[in-house]
Amino acid sequence: RGPSRPPARPSPPVEPVTAVPLTAGATPEPSGEPEAAPAPAVSPLYRRAHQLHFHGGDARAALRAWDAYLAAPEGEGALDLRPEARFNRAVCLTRLGETAEARVALQAIVDARGYRHAEAARLLDALP
């Protein structure tokens, strides 16, 4: 028999939320809580590259799309998916057999010790 667990605490009651209709020109009363920030946008260039990479079946087209996304300036409020795009670009290079360029791209990810560096190191080690 293992150690005893403390009894579970009951969840606090949740107040129901009701919608308050606004008349034209009326402004809502401040709730005292900060408004949630709008969700960051995903670049259409990223969406296109992602679609080609994961569902297009054409690594060359996906590579061109990743390059286009990475070359574009970041949009204000846009979600920065450049680390993921760099990794996916390196995967495309690997699929296309462009080993020298894939090594450079993967090594940059490994050296940065950031997002996906462990996966990049494994892929780098697996290259011929």
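For His50, there are no side chain to side chain donor-acceptor pair (under 3.5 Å) partners at least two apart in sequence or on another chain. Scanning for side chain to side chain donor-acceptor pair (under 3.5 Å) contacts around Asp111 gives Gln107, with sequence neighbours left out. Listed by chain and number, the residues in a ring pair (Phe, Tyr, Trp, His ring centres under 6.0 Å) with His117 amount to none (sequence neighbours excluded). Annotation: side chain to side chain contact (heavy atoms under 4.5 Å, CB included) contacts of Ala49 (sequence neighbours excluded): Ala65, Trp66. Listed by chain and number, the residues in a side chain to side chain donor-acceptor pair (under 3.5 Å) with Asp58 amount to none (sequence neighbours excluded). With sequence neighbours excluded, no residue forms a side chain to side chain donor-acceptor pair (under 3.5 Å) with Arg47.
Across all their heavy atoms, Ala72 and Leu45 have their closest contact at CB-CD1, 3.5 Å.
Cluster membership check: Leu106 does not share its hydrophobic cluster with Val104, using side-chain heavy-atom separations under 4.5 Å among Ile, Leu, Val, Met, Phe, Trp and Tyr. Hydrophobic clustering keeps Leu63 apart from Leu70 (ILVMFWY residues linked when any side-chain heavy atoms are closer than 4.5 Å, directly or through intermediates).
Atom CZ of Arg103 is surrounded by more than 12 heavy atoms from other residues, nucleotides or ligands within 6.0 Å.
Here the OG1 atom belonging to Thr99 is positioned 6.0 Å from the CG atom belonging to Leu127, to the nearest 0.5 angstrom.
For Arg82 and Tyr69, the positive end sits near the middle of the six-membered ring, less than 6.0 Å away and at most 45° from its axis.
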Exercise answer: donor-acceptor pairs, residues 83-98 side-chain atoms, under 3.5 Å, sequence neighbours excluded:
residue: Glu84; atom: OE1; partner: Tyr115; partner atom: OH; Å: 2.6
residue: Glu84; atom: OE2; partner: Asn88; partner atom: ND2; Å: 3.3
residue: Asn88; atom: ND2; partner: Glu84; partner atom: O; Å: 3.4
residue: Arg89; atom: NE; partner: Asp67; partner atom: OD1; Å: 2.4
residue: Arg89; atom: NH2; partner: Glu101; partner atom: OE2; Å: 2.8
residue: Thr94; atom: OG1; partner: Ala90; partner atom: O; Å: 2.9
residue: Glu98; atom: OE2; partner: Arg60; partner atom: NH1; Å: 2.7
residue: Glu98; atom: OE2; partner: Arg60; partner atom: NH2; Å: 2.9

